Amino acid sequence: MRAHQALRLAGRRLQRPLLSPPRPASTILLSSSFSSSSSSSSPASAAAAASSSATEAQTSRPAAPAPSNPALNFPCLDAIESRSARLSADSSSASRAGLSSSSSSSSSAGPEPSYTSGDTLNYHCRDPLLLDWGGVLPSFNIAYESWGRLNADKSNAILLHTGLSASSHAHSTDANPAPGWWEKFIGPGAPLNTDRFHIICTNVIGGCYGSTGPGSVDPGNGENYATRFPILTMQDMVRAQFRLLDHLGIDRLYASVGSSMGGMQSLAAATLFPDRVSRVATISGCARSHPYSIAMRHTQRQVLMMDPNWNRGFYYGRVPPHAGMKLAREIATVTYRSGPEWEQRFGRRRADPSKPPALCPDFLIETYLDHAGEKWCLTYDPNSLLYVSKAMDLFDLGYENQVATQARRRAREDALATASYSPSESAAACSLTLPNEPYQEQPDSTSSSASDASEALFSPANPASSRPPDDLIRGLSPLRDIPTLVMGVASDILFPAWQQREIAESLRLGGNRNVTHVELSEETSLFGHDTFLLDLKNVGGNLRLFLD
Ligand SMILES: CC(=O)OC[C@H](N)C(=O)O
């Protein structure tokens, strides 16, 4: 049954008599859907209570004046309230059974879903990992999967980096036969050809698929890290991956390959370890996050954090912020596809034109987004979304940012070496406050000064131009001798095509003579950012050519 059909059915079941007092939606959200307290009642009982109090009122008092029109139904809210009630009941029965709430996010106890994608290989690194913003993981786990045979001199390994939501399960394995997210891109004769290459795909640290993340247990106190997990960067994720490569005895990669967030990591791997990466493929990625993408992730994080069930990150063993997650995913989905695709796919069609318009999902595009949110809201750890999406915002391969990061790391390393470091000292890293003054429009914010003129050149407003900022050319200079494939898609609004042009041009201006830049036109793909998941012919075809 499709989600919108299910919602309509739920709505019909819960329909109240026309004369019962309408429930203000905001009150309901705060008192039951958004509350993890055990007093929350099911929508059905709330409706029954409302109806019986209306009956009492009718018998004991003169009939209230009738509203001019009936109240609307809100099946979309009913569905969220039902889920809260179900999760809350699961939570209570788990705690009655004495199951610990801090065992692990992958525990099946309580209402927390199991955030794993199936069986993986595991590497536990006992050496601490210092993160770019000063945090430390005393030890960490990397969950990963691999395909194809590693050759005798270990020279045929390809490290495949994932997008934000994808797990290491890029292709089926014996341990987990479910199809992976790049099932057709990996295999004998496929673009990532397992007859030739040994493909390794890891789950990123900060995520929730088995590698250490906010849902993991902090060895320091035996509790979930939650929002005591340190801020991390793409480079931190990559450093953790290279610890795995060290463990596997792989000195040098045949290639570093990734799309979207993985495209960021693919570049980060080569800037951090240029001697260990022979080729780079970055697909629908960027060299620095631009403000529009930060803005879109900001809105996702805000709706998630405003869900009271988020509880500042301490929801493990309780009802997770599934409503915030659902809304965050709906916003994210808007950025992953394209308007023209939806014009073709949904147009202005409504899910059920026989019904009058509603405030809950009604147009097909609305039911599609609703369904995307529903599918996702219990399959990914909300805290992981916050940390990983922030790491994407922080991504900037500009030279100045790299130098500042190195200086910060050195200072922290010194502090750690002299044992003068303590977690409370690093509390300064958590001292962000809101600015005293709200944002004020800057008089010259729309005109480009001489120093930032080159940055403006790569904006969509000036697509014909070709000079990226010197800071980025310098920042990408470690890749000068590394053959690089940069692929992008014209219909991508999240990592727009000018960002891949920017990477390619920065590399060329930095002296790299082996840069292949491919841009898939709107005629080729209207699928926007997620084209890399779908277009085997063009994305896969160009990748195969590059790796051969
Ligand atoms: C940002 C990003 O990696 O997007 C790719 C894909 N939509 C995903 O969520 O994984």
Side-chain angles (χ1 to χ4, degrees), residues 115 117 160-171 179-183 185 201-209 211 213 232-234 237-238 241 256-269 281-301 304 325-338 341-342 368-369 371-382 384-395 487-489 491-497 499-500 520 525-535 539:
Y115 301 119
S117 56
L160 174 62
H161 309 269
T162 68
L164 179 145
S165 9
S167 71
S168 61
H169 197 58
H171 189 272
W181 53 268
W182 246 17
E183 188 71 18
F185 290 67
C201 186
T202 80
N203 291 295
V204 295
I205 57 164
C208 58
Y209 299 122
S211 295
L232 83 165
T233 65
M234 288 297 128
M237 297 172 183
V238 168
Q241 292 170 326
S256 168
V257 174
S259 311
S260 184
M261 184 180 93
M264 295 169 153
Q265 288 172 35
S266 192
L267 286 175
T282 173
I283 304 164
S284 301
C286 68
R288 49 182 184 147
S289 282
H290 69 102
Y292 176 83
S293 70
I294 295 173
M296 295 311 291
R297 287 187 289 270
H298 162 83
T299 54
Q300 295 165 44
R301 290 192 296 269
L304 168 53
M325 278 300 271
K326 176 175 170 177
L327 299 181
R329 188 60 170 183
E330 293 194 37
I331 300 170
T333 306
V334 172
T335 69
Y336 292 157
R337 308 301 273 248
S338 86
E341 179 209 344
W342 290 344
Y368 164 80
L369 290 177
H371 182 58
E374 284 284 316
K375 269 196 317 188
W376 160 262
C377 68
L378 289 178
T379 58
Y380 196 83
D381 183 8
S384 285
L385 176 63
L386 297 173
Y387 279 91
V388 174
S389 105
K390 178 54 90 173
M392 291 177 72
D393 291 3
L394 294 171
F395 189 60
M487 223 186 302
V489 178
S491 55
D492 188 340
I493 56 170
L494 187 60
F495 290 69
Q499 291 208 295
Q500 294 87 50
L520 304 183
S525 173
L526 279 186
F527 290 114
H529 181 62
D530 275 353
T531 294
F532 74 88
L533 291 169
L534 307 164
D535 191 341
V539 175

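Just so you know, ligand 1 is whichever comes first in the structure, and atom 1 is the first atom listed for that ligand. Nothing here was measured: the structure is a model prediction, and the numbers come from that model.
Not a single donor-acceptor pair under 3.5 Å links the side chain of Gln300 to the backbone N or O of Glu330. The backbone N or O of Thr202 sits nowhere less than 3.5 Å from a side-chain atom of Ser168 that would complete a donor-acceptor pair.
For the side-chain contact (heavy atoms from CB on, under 4.5 Å) test, residues two or more places apart in sequence or in another chain that qualify with His529 are Ser260, Ser284, Tyr336, Asp492, Leu494, Phe495, Phe532. Residues meeting the side-chain hydrogen bond (donor to acceptor under 3.5 Å, both in side chains) test with Thr333, sequence neighbours left out: none. Applying the side-chain hydrogen bond (donor to acceptor under 3.5 Å, both in side chains) test to Thr282 and every residue at least two apart in sequence or in another chain returns nothing.
Contact residues of ligand 1 (protein heavy atom closer than 4.0 angstrom to a ligand atom; sorted by chain and number): Gly163, Leu164, Ser165, Ala166, Ser260, Met261, Arg329, Tyr336, Met392, His529, Asp530, Phe532.
Looking at Pro496 and His290, their side chains come closer than 4.5 Å, going by heavy atoms from C-beta outward.
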